[in-house]
Number of protein chains: 2
Amino acid sequence: MKSTIREVAKLAGVSIGSVSNVFNGRRVRKDIYQRVMEAASVLEYTPYAVARKLALKKTKSIGLFIPHRGKEMFITGLWGFLTSLIHGIFKVTEARDYSFYLDFSSLSKIKEKDLLNKIVKERALDGMIIFLRCPIDCKLVAEIERQNFPTILVNAGLSGVNIPSIEVNNFKGAKEAIDYLIKLGHSRIAMITGPLEFLDVKERIKGYKQSLKEHDIPYDPELIKEGDWVFKTGYFHTKELINLKKPPTAIFCANDPMAAGAIKAIKEEKMLVPEDISIIGFDDQVSAKMLEPPLTTVRQPLYQLGVLSAKKLFDIIDRKNSGPTKKILDPKLIIRDSCTSPKNASKRK
Amino acid sequence: MKSTIREVAKLAGVSIGSVSNVFNGRRVRKDIYQRVMEAASVLEYTPYAVARKLALKKTKSIGLFIPHRGKEMFITGLWGFLTSLIHGIFKVTEARDYSFYLDFSSLSKIKEKDLLNKIVKERALDGMIIFLRCPIDCKLVAEIERQNFPTILVNAGLSGVNIPSIEVNNFKGAKEAIDYLIKLGHSRIAMITGPLEFLDVKERIKGYKQSLKEHDIPYDPELIKEGDWVFKTGYFHTKELINLKKPPTAIFCANDPMAAGAIKAIKEEKMLVPEDISIIGFDDQVSAKMLEPPLTTVRQPLYQLGVLSAKKLFDIIDRKNSGPTKKILDPKLIIRDSCTSPKNASKRK
DNA sequence: CTGTTAGCGCCTTCAA
DNA sequence: TTGAAGGCGCTAACAG
């Protein structure tokens, strides 16, 4: 349990170097190998990871940072959303025999303790992936860049930064959703967004507006509601939307839980989804297909995002040429049963 | 970035020891403190975490292991279930400035690579929490015990083990669910279980049977279906259940996604929940309240489980007396709208 | 191939 | 208090 390489060497009657060779899979004389293994077994020797790290100056571990603004992280089921991302990252790290650290500190804490910066400088990790949804202190990013610490920015949507990043095309996802709705004949389309400071939310709103514009549908600010990702909010905003003088015939929700809330609100008003109001979500969380009706939604390629970002990170750690420094993944519209043509389906461009 | 304590000492014109003292918050002469801080700032010095770990023989990190059997981990939304557990653990580790390491290796891989054992011996972590739902190799557990490595077993349901453990009373949770259904007047109650080798599943089945027994309701094996946690399975099993000659008036599902599947199946058959068939779930995942109707379910105190297990782990790491070695938490029945009395509510004990 | 030795960067005695 | 020196356990370079 607490034996060292020295003791093993002594018991086996060989040098420390030979023991090290054996445990690092280098070619060793057979009898020496035998004796070392035997001694190690007797002493229950296992190399001490930390010491090895010090000698190697490698930690064989990477971290995933998910800075957040407040309490929303766990409350909103944001996790459901992250599942696949983490899965993807884990698959890659596992294959490389790396450890995987997770950190969900709040943005304020990160700033306060200069958390990331500390990690970068303490070199406790070989690299890190930062999943960013709301703007982060630019100084921090600049510092990371300057330190030249292997880092991947996921979903950051930052421009003018040289840190490799990988994102989902939120603009395109939203635009396709609205295009689809318009093709079905809708022209009065509402949107329940996420918090406006989220970078992906901004993109989705842009996509929404762009689609309207391309189809010559006027933009009506009355139809935009700022949400906060949670079920309840989708519910209440939908109630308000329904009670508008000119209610929408379709609602685009910036994530699935809010879409679930929307569906509930509509049903409560004795209306039908999709016959009276079509609903479209975003993410394609596991719950999307459990809804009634099954939710049409924009699927984010989260697993792939995880895999690609981890691979890219290892490329950097290995100092391979890492290809383009920015990659953008396309989301995909998953059509289920929550959308149809509006009742008075007159309009079609 | 790559400066060492030695360089700082030299630049500041003090000894290495003094620099160390400054960085460890020990009392130091003011002018020395000043000079050290200044030199450190100039050189951008930050203590190197790995070296410190080696000297201290502490890693300041703990791990959460979630061994699983195959692919179910990410596919089934098991994660939705783990969210709160992880949240609880993270809260505690964060407060202690510890890192939090995550591992989802499959059981077979753990065995093959002797993963846990390796971690224990390599001392790459100060302690670990193992979330166990299916039986693990007893040798492994015995080894952990022998090594005396700080470990908490969560949900293991192992007996005859001295490793501190903390569990949810699955038996009681299931029993209360069935008691509730029986009180509503049901006597023909089906159960869709999880995989039978899961320890918590066994307990839930026991609770189910016990409740029936206490109310003199005969146990009918036809009403028990082995599920696998996923939506689809709940759906298909429910279809079968409905088509029995004597269909159940209530179905107890071992988790919420299967309950969602059950609800869907029932609706498809033009029947109503809860009027025709009552549904009760387990877990109280975020999706439970999004269902139509909102799901009555047994809430697991997962957040608390996370907090308590992490606290207990730190007690052990700190060598505090750690109180009782086994703790059992009670789940709680959350009554929403998916259960009611059966139509011909004649029976009541 | 094997054994020796000098670090890796920090912390902690022990004298002074 | 401070400074010097000896580890912590391992790897890697080098000489044999």
Side-chain angles (χ1 to χ4, degrees), chain A residues 1-40 43-61 97 99 118-126 147, chain B residues 1-37 39-40 43-61 97 118-126 147:
Chain A
M1 178 194 179
K2 34 166 67 164
S3 55
T4 73
I5 198 171
R6 247 177 285 273
E7 302 175 68
V8 176
K10 204 167 78 181
L11 181 60
V14 300
S15 76
I16 288 180
S18 293
V19 180
S20 174
N21 286 338
V22 168
F23 276 88
N24 287 300
R26 280 185 275 267
R27 294 202 66 72
V28 174
R29 224 168 56 212
K30 248 194 184 139
D31 60 312
I32 291 199
Y33 177 86
Q34 291 266 328
R35 274 151 59 203
V36 167
M37 289 311 270
E38 198 169 322
L43 296 171
E44 299 190 32
Y45 169 76
T46 310
Y48 181 42
V50 176
R52 173 180 269 162
K53 286 180 217 267
L54 177 60
L56 252 28
K57 304 197 111 192
K58 277 255 181 191
T59 65
K60 286 205 87 173
S61 57
D97 203 25
S99 301
K118 204 175 121 196
I119 281 170
V120 170
K121 295 184 134 196
E122 287 189 347
R123 288 149 289 169
L125 260 25
D126 290 350
Q147 296 276 350
Chain B
M1 178 194 181
K2 34 166 66 165
S3 55
T4 72
I5 198 172
R6 245 176 289 274
E7 302 174 69
V8 176
K10 205 167 77 181
L11 181 60
V14 301
S15 75
I16 290 179
S18 293
V19 179
S20 174
N21 286 339
V22 169
F23 276 87
N24 287 299
R26 278 185 277 267
R27 293 202 64 73
V28 174
R29 225 169 54 213
K30 247 190 185 144
D31 60 313
I32 291 200
Y33 177 86
Q34 291 266 328
R35 274 150 60 201
V36 167
M37 288 313 269
L43 296 170
E44 299 190 34
Y45 169 76
T46 311
Y48 181 42
V50 175
R52 173 181 268 162
K53 286 180 216 265
L54 177 61
L56 253 28
K57 303 197 114 192
K58 277 256 181 189
T59 66
K60 287 205 87 173
S61 57
D97 203 24
K118 206 175 118 196
I119 281 169
V120 171
K121 294 183 135 196
E122 287 190 347
R123 289 149 289 169
L125 260 25
D126 289 349
Q147 296 277 352

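Note that the structure is predicted; figures quoted are calculated from it, not measured. Throughout, protein chains are lettered first and strands after them, A, B, ... in sequence-line order, and every chain is numbered starting at 1.
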CA sep, side-chain torsions, deciding dist, call: B/Arg52, B/Asn24, side-chain contact (heavy atoms from CB on, under 4.5 Å): CA-CA 11 Å; B/Arg52 173 181 268 162; B/Asn24 287 299; 3.5 Å; yes
Distance (rounded to the nearest 0.5 Å) between B/Arg35 CZ and B/Leu11 CG: 10.0 Å
Options C/dT12, C/dC1, C/dC10, nucleotide nearest the side-chain atoms of A/Arg29: C/dC1
Nucleotide C/dG3, atom P - distance to CD1 of A/Ile5 in whole Å: 12 Å
Shortest non-hydrogen contact between B/Ser61 and B/Ala124, atoms and distance: OG-O, 3.8 Å
Closest non-hydrogen atom pair, A/Thr4 against A/Tyr45: C-CE1, 3.6 Å
B/Thr59 (side chain) donor-acceptor with B/Asp126 (main chain) under 3.5 angstrom: yes
Rounded interatomic separation in angstrom, taking OH from B/Tyr45 and C1' from C/dC10: 7 Å
Contact residues, residues 47-55 of chain A to DNA chain C [heavy atom, < 4.0 Å]: A/Leu54, A/Ala55
From OH (A/Tyr33) to CD (A/Glu38), nearest 0.5 Å: 12.5 Å
Rounded to 10 degrees, the angle between the two terminal axes of the helix from C/dC1-D/dG16 to C/dA16-D/dT1, each from five pairs: 40°
Which residues share a side chain to side chain contact (heavy atoms under 4.5 Å, CB included) with B/Ser18, sequence neighbours left out: B/Val14, B/Ser15, B/Ile32
Atom pair CD1/CG of A/Ile5 and A/Leu43 - distance to nearest 0.5 Å: 12.0 Å
Residue-phosphate contact under 4.0 Å: A/Ser20 side-chain N/O, D/dT11 OP1/OP2: yes
Rounded distance in Å - CG (A/Asn21) to C1' (C/dT4): 13 Å
Kindly give the atom pairs (protein nitrogen or oxygen, nucleotide nitrogen or oxygen) under 3.5 Å for nucleotides 3-6 of chain D.
from: D/dG3; atom 1: OP2; to: B/Ser15; atom 2: N; distance (Å): 3.0
from: D/dG3; atom 1: OP2; to: B/Ser15; atom 2: OG; distance (Å): 2.9
from: D/dG3; atom 1: OP2; to: B/Ser18; atom 2: OG; distance (Å): 2.8

Gap between atoms CD and C1', on A/Glu7 and D/dC10 respectively (whole Å): 14 Å
Residue-phosphate contact under 4.0 Å: B/Arg26 side-chain N/O, D/dT2 OP1/OP2: no
Side chain A/Thr46, main chain B/Lys121, donor-acceptor under 3.5 Å: no
Salt bridge (Lys or Arg N to Asp or Glu O under 4.0 Å) partners of residues 3-26 of chain A, not counting sequence neighbours, each pair once: none
First of B/Lys30 and A/Leu56 reached from the 5' end of DNA chain D, by closest nucleotide: B/Lys30
Under the side chain to side chain contact (heavy atoms under 4.5 Å, CB included) test, residues paired with B/Ala51 that sit two or more places apart: A/Leu54, B/Tyr48
Stepwise side-chain contact (heavy atoms from CB on, under 4.5 Å) test for A/Gln147 and B/Glu44: CA-CA 11 Å; A/Gln147 296 276 350; B/Glu44 299 190 34; 3.7 Å; yes
Nucleotide D/dG9, atom P - distance to NZ of B/Lys121 in whole Å: 16 Å
B/Glu122 CD to D/dC10 P, straight-line distance once rounded to whole Å: 10 Å
Whole-Å distance separating the NZ atom of B/Lys60 from the P atom of C/dC11: 12 Å
Value in whole Å for how far the P atom of C/dT12 lies from CZ of B/Phe23: 15 Å
